Participant: 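Structure provided below as structure tokens; questions to follow.
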Amino acid sequence: MPEQHRPEPPHRTTTVENGRFCAARCSCGWRGPARRARSKARADAAAHGESP
């Protein structure tokens, strides 16, 4: 019986605040760097979601 390829689930990114810092995280286990600006953490998450 041939192996079936399951499609990879979509990346679900969130931002998590820890004190003065905010970091992006993904359901695949990826973690972005800690940022002071939430907008930069959201940009990190968006860039990760666009990568293959």
Side-chain angles (χ1 to χ4, degrees):
M1 181 173 209
E3 289 185 35
Q4 294 179 348
H5 264 329
R6 292 184 190 168
E8 290 186 28
H11 290 267
R12 292 180 177 225
T13 55
T14 60
T15 55
V16 179
E17 293 191 32
N18 186 5
R20 295 180 183 203
F21 294 92
C22 186
R25 292 188 181 170
C26 182
S27 60
C28 74
W30 173 86
R31 295 175 75 171
R35 306 283 195 173
R36 285 188 183 247
R38 288 183 191 103
S39 61
K40 287 189 177 185
R42 285 192 298 265
D44 291 340
H48 172 72
E50 293 172 359
S51 66

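Keep in mind it's a predicted model, so treat the numbers as computed, not measured. Sequence positions, counted from 1, serve as the residue numbers for this chain.
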Participant: What heavy-atom pair brings Ala23 and Ala34 nearest, and what distance separates the two atoms?
Facilitator: CB-CA, 4.2 Å
Participant: In terms of ring plane angle, is the pair His48 and Trp30 parallel, tilted or perpendicular, where the classes change at 30° and 60°?
Facilitator: parallel
Participant: Using 0.5 Å steps for rounding, measure from the SG atom of Cys26 to the CZ atom of Arg12.
Facilitator: 10.0 Å
Participant: Can you check whether Thr15 reaches Arg38 side chain to side chain, under 4.5 Å on heavy atoms?
Facilitator: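 Thr15 vs Arg38: side chains apart.
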Participant: Measure the SG-NZ distance between Cys22 and Lys40 for me, rounded to the nearest 0.5 Å.
Facilitator: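 Going from SG on Cys22 over to NZ on Lys40, the span is 12.5 Å.
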Participant: Nearest 0.5 angstrom please: Phe21 CZ to Arg36 CZ, how far?
Facilitator: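 Phe21 atom CZ to Arg36 atom CZ measures 4.0 Å (nearest 0.5 Å).
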